Peer 1: 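Here it is, the structure, as structure tokens.
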Amino acid sequence: MKLRLLTLVCAMTGAAAFAAETDPESVTYGEYGEVEASLTGTVGDAANGALIVGDKSKGNCVACHAVSALADIPFQGEVGPTLDGAGDRWSEAELRGLVANAKMTFEGTVMPAFYKDDGYIRPGDAYTGKAPTEPLTSILTAQEIEDVVAFLATLKEQ
């Protein structure tokens, strides 16, 4: 009986630990902007990450970056560096930091912070030109950040 109870408690505790999601304001950035800990405690889905990278209403990374693995998406950008080989150039922690808030690594970057919900200078309310009346949310969820990181980690040099 005690063994079953102990097993149940351990299972419930483990599930709670994996269900915890790090809020944007609680993300811990390293000295160079890296984020060591997963934002969700779960592994990202690279296939979903690829969809987010190319989705114009979500990540839209291809607006600024070229990605050969997503060659079917037209009009890829040249503002940022190509993402080909990103999995070789940066560690998972560095990729997570760059996607969550690249300004923690590259102070002057124009890349948006995809996992931030406060501290903006002057956010607008959609296309109205007015300040928002509701609390801001991050562009991507914690799981979407993990999915994008998983996809970027697959992009190796040829």
Side-chain angles (χ1 to χ4, degrees), residues 15 17-129 132 134-158:
F18 284 112
E21 185 174 291
T22 304
D23 292 326
E25 61 274 358
S26 300
V27 175
T28 303
Y29 292 91
E31 182 180 358
Y32 301 105
E34 70 279 8
V35 177
E36 293 292 337
S38 167
L39 301 177
T40 62
T42 60
V43 177
D45 177 356
N48 191 50
L51 293 174
I52 293 166
V53 166
D55 187 338
K56 303 232 184 288
S57 67
K58 276 295 193 183
N60 197 20
C61 305
V62 296
C64 295
H65 301 277
V67 185
S68 295
L70 302 176
D72 59 322
I73 299 174
F75 309 114
Q76 295 194 16
E78 297 175 352
V79 174
T82 180
L83 296 180
D84 295 348
D88 287 329
R89 286 194 304 273
W90 295 295
S91 69
E92 186 177 298
E94 290 166 330
L95 289 169
R96 186 176 296 109
L98 288 168
V99 176
N101 189 350
K103 288 166 182 59
M104 301 300 286
T105 303
F106 303 113
E107 187 177 334
T109 186
V110 296
M111 183 169 159
F114 287 97
Y115 200 61
K116 178 179 174 177
D117 61 6
D118 67 352
Y120 293 103
I121 296 171
R122 198 183 98 182
D125 186 12
Y127 300 102
T128 66
E134 301 295 320
L136 297 172
T137 59
S138 61
I139 297 170
L140 298 178
T141 66
Q143 187 57 56
E144 289 169 332
I145 295 287
E146 294 302 321
D147 294 348
V148 170
V149 168
F151 171 66
L152 293 175
T154 68
L155 301 178
K156 304 292 185 176
E157 293 292 338
Q158 300 298 346

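This structure is a prediction, so every number in the text was calculated from the model and none was measured.
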Peer 1: Which atoms form the tightest heavy-atom contact between P112 and I139, and what is the distance?
Peer 2: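 Looks like CB-CD1, 4.2 Å.
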Peer 1: Rounded to the nearest 0.5 Å, what separation is found between the CZ atom of R96 and the CG atom of N101?
Peer 2: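 Going from CZ on R96 over to CG on N101, the span is 14.5 Å.
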Peer 1: Look up atom CD in E34 and atom OH in Y29, then write down how far apart they are to the nearest 0.5 Å.
Peer 2: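 Answer for the CD-OH pair, E34 versus Y29, is 11.0 Å.
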Peer 1: Which distance, rounded to the nearest 0.5 Å, do you find between the OG of S68 and the CG of L83?
Peer 2: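 That separation rounds to 9.5 Å.
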Peer 1: So, do V53 and V148 sit near enough that their side-chain heavy atoms are less than 4.5 Å apart?
Peer 2: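 Yes, close enough: below the 4.5 Å cut-off.
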Peer 1: Any side-chain heavy atom of H65 within less than 4.5 Å of one from P81?
Peer 2: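 Yes, close enough: below the 4.5 Å cut-off.
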Peer 1: Rounded to the nearest 0.5 Å, what separates atom OG in S26 from atom CG in L39?
Peer 2: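 Here the interatomic distance stands at 10.5 Å.
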Peer 1: Return the NZ to CG distance between K103 and L98, rounded to the nearest 0.5 Å.
Peer 2: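 Interatomic distance, K103 NZ to L98 CG, rounded to 0.5 Å: 11.5 Å.
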Peer 1: Looking only at atom types and distance, does a side-chain atom of D147 sit under 3.5 Å from a main-chain N or O of D45, one as donor and one as acceptor?
Peer 2: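 Checked: pair present.
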Peer 1: Just do the side chain to side chain contact (heavy atoms under 4.5 Å, CB included) check on L140 and K58 with the steps written out, would you?
Peer 2: CA-CA 7 Å; L140 298 178; K58 276 295 193 183; 4.0 Å; yes
Peer 1: Could you walk me through whether F114 and I145 pass the side chain to side chain contact (heavy atoms under 4.5 Å, CB included) test, one step at a time?
Peer 2: CA-CA 8 Å; F114 287 97; I145 295 287; 4.0 Å; yes
Peer 1: Under the 3.5 angstrom rule, does the side chain of Q76 hit a backbone N or O of L70 as a donor-acceptor pair?
Peer 2: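 At least one qualifying donor-acceptor pair exists.
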Peer 1: Please answer whether the main-chain N or O of E25 pairs with a side-chain N or O of D23 as donor and acceptor at a distance below 3.5 Å.
Peer 2: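 A pair under 3.5 Å: no.
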Peer 1: Look at the side chain of R89 and the backbone N and O of D84, then say whether any donor-acceptor pair between them is shorter than 3.5 Å.
Peer 2: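 Such a contact is found between R89 side chain and D84 backbone.
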Peer 1: Between the side chains of D117 and S138, is a donor N or O closer than 3.5 angstrom to an acceptor N or O?
Peer 2: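 S138 and D117 do not have a side-chain donor-acceptor pair below 3.5 Å.
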Peer 1: Measuring from K116:NZ to T137:OG1, what's the distance to the nearest 0.5 Å?
Peer 2: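 Atom-to-atom, K116:NZ and T137:OG1 are 13.5 Å apart.
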Peer 1: Tell me the closest heavy-atom pair linking M111 and A102, and the distance in Å.
Peer 2: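 Nearest heavy atoms, M111 then A102: SD-CB, 3.8 Å.
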Peer 1: Checking side chain to side chain contact (heavy atoms under 4.5 Å, CB included) for the pair Y115/V99: CA distance, chi angles, key distance, verdict?
Peer 2: CA-CA 8 Å; Y115 200 61; V99 176; over 6 Å; no
Peer 1: Short question: side chain of E144, backbone of T141 - any donor-acceptor pair under 3.5 Å?
Peer 2: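 Here the side-chain-to-backbone pair exists.
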Peer 1: Among E21, Q143, E146, find the residue that satisfies the side chain to side chain donor-acceptor pair (under 3.5 Å) test when tested with T42.
Peer 2: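 Going through the options one by one, the only one that passes is Q143.
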Peer 1: Which residue is it: V67, L51, L95? I am looking for the one with a side-chain contact (heavy atoms from CB on, under 4.5 Å) to F151.
Peer 2: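 Answer to the side-chain contact (heavy atoms from CB on, under 4.5 Å) test with F151 among V67, L51, L95: V67.
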Peer 1: Using the rule given for side chain to side chain contact (heavy atoms under 4.5 Å, CB included), can you reason through E92 versus V149, listing the C-alpha separation, both sets of side-chain angles and the distance that settles it, and then say yes or no?
Peer 2: CA-CA 7 Å; E92 186 177 298; V149 168; 3.6 Å; yes
Peer 1: Do D88 side-chain atoms and E157 backbone N/O form a donor-acceptor pair below 3.5 Å?
Peer 2: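 Yes, because the side chain of D88 sits within donor-acceptor range (under 3.5 Å) of the backbone of E157.
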Peer 1: So, for G54 and V62, which heavy atoms are closest and what is the spacing to 0.1 Å?
Peer 2: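 Heavy-atom minimum between the residues: CA-CG2, 4.1 Å.
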